[in-house]
Amino acid sequence: MSAQTPGGTGRRVLRIRSLYDIPRDELFISGHGLCAGCTAGTIMRMLTKVAGKDSIIVNATGCVEVSTTRYPYSNWLVPWFHSAFENAGASASGIARALEVMKRKGMMPKDKDVKVIAVAGDGGTVDIGLQSLSGMLERRDPVMYVLYDNEAYMNTGIQRSGATPYHAWTTTTPAGKVWRGEWRTKKDIAMIVEAHRIPYVATANPAYPMDMINKFAKGLEVLDEGPSFIHVLMACTTGWRFDPALGITISRLATETGVFPLYEIDHGNFRVTFPVAKRKPVSEYLKLQGRFAHLTPQEIEEIQKLVDERVAEINKMAGKEVIGPVEYPK
Amino acid sequence: MEELKTRRPIPLSTNYAIAYAARDLDVDVVSAYPITPQTTVVEKVSEFVANGELDAAFIHVESEHSALSAAIAAALTGARAFTATASQGLALMHEMLHIASGLRAPVVMSVAMRSLSAPISIWNDQSDIFNARDAGWVIMFVHTAQEAYDTVIQAYRIAEDPSVLLPVMVAYDGYVMSHTTEPVVVEGRESVMKFAPKRQYPYRLDPDRPVTIGAIVPPEYYYEIKYQQVKAMEGALPKVDEVDREFGKAFGRSYGVMECYMCEGAEALIMANASYAATLKSLLPDAWKQGYKVGLLRLRLYRPFPLRQFVEYTSNVKSLLVVDRSISYGAPYQGPLANEIAGAKLKEDLGFNLISVVAGIGQRTMENEDFIALARLAWEGRTRKFPETVFYGVRE
């Protein structure tokens, strides 16, 4: 780990090269009420380690919010704020801009560098919170926005969201004689965010902690220039219907199959941060999850085609084949 | 007091008067979204920020929901936050209204009262405020541009007081007041800040003293936390009075929590607020000349309701006509304020006859003779019962 203060910005630059570099401080502490095997806790723990104690978390209503702040307890050793479902963007703007003006007017120490981080689920980000997020991005308010995407409204009981993938069972897209689970494809939120031309956008996955942590660090470094957005896949044992021990395995498979490619867009420069030479077939990812248990081989093939198309797009953006073809087991 | 005499009023609309108050209060964060007839408040504030007269973060939000969300978050970070809205904007904020008071955020918001859709109407009535009355905000109605300027200043003293910590709405009639120019004495930054110095939120979001704000509260605690709001609202009542009196000492103007105008010898009262109160003040002498000895009970502080003053003013009158400019559809009295007054009458065992009048919906014009007609109705009410709400001026 190297900490330095680049000229003028005063912002701490954290580089983590190995697991040993991860700060030991625990700012998101144990005792929360997240499900056994929930990967959101892993993400929050790593996020707060990178951010450090001089940060403020703004949480949209959702799993993390209800599970970590059950009054009179809290799992947060940094200031934490929640007010509603659809306004993490606007609330984070209010805090970040308040800190700015308070520093300017001498209401708090001028050299105090406080990072404002919004944390929201997919419902709070791609659906109900999209407008507020867009406002925050467009204004270039200095906020890192972390989306933990478990691909449905898990907190209210696994209802579909705009981030639910094709053919997934949810309680509002059940598989029956007429419906075969969700029949629309997942909203590409990272690209919607990128269209705001902010300094840094990335996708991340807790199965690749070094990649994820360094993306958090980069997202915090650019705040002098504007907002950053980290889209983190969050495998959900309860809603995706898998053995709680398999969260990281399934997360890894999401990237190994090309379902969830890991990339960053750093000042407009697109780069796949975890190239996959040979992809695993998407069935490897699907078969571990009960939400896809109803699928026929033809339906699995449809999903494989969608993934192939997405991978082709990613390779096109990268300008070369960074994610290879599917290698079927012999 | 020497200085007071030398300050000359300048012509300002109520909207501009409020913007000058925000400037003189050195607000730190302004988050606002355009809506008629509020917009010129934040246009003027923008000018102040643009030309350096006010150093504030102006957050150009994409909706009123975000406007209030950002203001709440800024206030809880320790900034002095201001926003302004009306009508649909206030309706869109509704969720955040309850959150502002529940989180005890000392936000001040001005509201240029306007009717609600549908049908869409950009004109004045008070449907917006009366739909927001149970959101736990301190609500004050003002009846002149000067009172608007003064009340916004008082509002921060009230909101930021550690014994109160509640958001405050300052409401006035859209167009009739928002866009009408009146003489206003503007006191300037120095004396306003002396009267209302910033008191940063005591439990603010500060990494050196981390707090969790907005936790989920189970049934074992929720009730008590909401009851704290009840106590805070009760405690705000003497605080509003005290701040108003201190304001009077500092600037030579005070208003009280409720005003009784031409009440000496009056046998009947009309309860009205904002521009109707101002108009009635100018017309009641005519009513008296015509033999209607009717006074004006001007509602200034609405939440918390100044019941003691209300009882004092109404215990000896024979009738009380309550003018509502919003409708509580299907309620026992279909004017929401009249409904409450019926409750107060019962609670305090008051003997007056209550007359519920709905008027001015969607800014239906009330001419001078219409106000005189209300005075006549109040006068008649001394000896006659009006069991149903009177929808004054409607074509059936």
Side-chain angles (χ1 to χ4, degrees), chain A residues 27 33 51-59 61 65-102 104-105 107-109 112-116 129 131-136 138-139 141, chain B residues 26-31 33 49 54-81 83 95-96 98-100 102-103 105 107 198 200-201 203-218 220-222 224-225:
Chain A
L27 298 169
K53 70 169 193 58
D54 284 339
S55 50
I56 296 174
I57 303 286
V58 182
N59 209 163
T61 307
E65 173 258 328
V66 298
S67 304
T68 64
T69 66
R70 192 180 163 94
Y71 187 89
Y73 306 105
S74 174
N75 298 96
W76 301 88
L77 300 188
V78 291
W80 179 96
F81 177 74
H82 156 258
S83 70
F85 200 176
E86 67 278 55
N87 65 356
S91 299
S93 286
I95 292 169
R97 301 291 302 281
L99 292 171
E100 246 173 41
V101 71
M102 283 162 61
R104 198 162 69 222
K105 289 167 121 173
M107 294 161 73
M108 64 178 278
K112 185 98 175 159
D113 180 27
V114 180
K115 301 162 207 81
V116 181
Q131 173 179 319
S132 170
L133 167 64
S134 175
M136 183 203 99
E138 163 269 313
R139 287 188 301 269
D141 290 329
Chain B
D26 189 34
V27 298
D28 303 310
V29 173
V30 180
S31 56
Y33 188 78
V49 178
L54 172 65
D55 182 5
F58 196 106
I59 309 181
H60 298 93
V61 286
E62 83 305 325
S63 72
E64 287 90 351
H65 192 283
S66 286
L68 189 51
S69 296
I72 291 167
L76 298 179
T77 307
R80 180 171 269 184
T83 186
E95 175 190 37
M96 299 313 298
H98 288 263
I99 289 172
L103 293 181
V107 172
K198 285 178 195 173
Q200 281 189 300
Y201 193 69
Y203 319 105
R204 60 188 170 273
L205 295 162
D206 175 0
D208 291 334
R209 296 177 306 159
V211 286
T212 289
I213 298 179
I216 182 165
V217 178
E220 302 85 66
Y221 298 99
Y222 181 87
E224 281 69 29
I225 290 173

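Note: hydrogens, waters and symmetry copies are ignored here, and every other heavy atom, side chains too, is used. Residue numbers begin at 1 in each chain, while the letters A, B, ... track the order of the sequences.
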Relative to chain B, which segment of [X] carries a heavy atom at a distance below 4.5 Å: side chain, backbone, both, or neither?
X        : result
A:Val66  : both
A:Thr68  : neither
A:Arg70  : both
A:Met107 : both
A:Ile56  : side chain

Measuring from atom [atom1] of [X] to atom [atom2] of [Y], what distance do you get when rounded to the nearest 0.5 angstrom?
X       : Y        : atom1 : atom2 : result
A:Lys53 : A:Leu27  : NZ    : CG    : 9.0 Å
A:Leu99 : A:Asp113 : CG    : CG    : 10.0 Å
A:Ile57 : B:Leu205 : CD1   : CG    : 11.0 Å

Pair B:Lys198 + B:Asp26: basic N to acidic O under 4.0 Å: yes

Electrostatic pair B:Asp28-A:Lys105, nearest N-O below 4.0 angstrom: yes

Test item: B:Pro207 and A:Asp54 side chains (from C-beta on) under 4.5 Å apart, heavy atoms: yes

A:Ser132 to A:Ala88 - nearest heavy-atom pair and separation: OG-N, 4.3 Å

For B:Thr77 against A:Met102, the heavy-atom pair lying closest together: O-CE, 3.3 Å

Which residue out of [options] racks up the most heavy-atom pairs below 4.5 Å with chain A?
options                               : result
B:Asp208, B:Ile72, B:Val217, B:Thr212 : B:Thr212
B:Ala71, B:Ala70, B:Ser31             : B:Ala70
B:Leu68, B:Leu103, B:Val29, B:Ile99   : B:Ile99

With sequence neighbours excluded, residues passing salt bridge (Lys or Arg N to Asp or Glu O under 4.0 Å) with A:Glu100: A:Arg97

Heavy atoms only, distances under 4.5 angstrom: which of [options] has the most pairs with chain B? Name it, please.
options                            : value
A:Ala90, A:Ser55, A:Ser74          : A:Ala90
A:Gln131, A:Glu65, A:Glu138        : A:Gln131
A:Ala96, A:Gly94, A:Pro79, A:Pro72 : A:Pro79
A:Ser67, A:Ala84, A:Ser93, A:Gly89 : A:Ala84

With A:Tyr71 via ring pair (Phe, Tyr, Trp, His ring centres under 6.0 Å) - residues at least two apart: B:Tyr221

Considering only heavy atoms, which portion of [X] lies under 4.5 Å from any heavy atom of chain A: side chain, backbone, both, or neither?
X        : result
B:Val61  : both
B:Ala56  : backbone
B:Tyr222 : neither

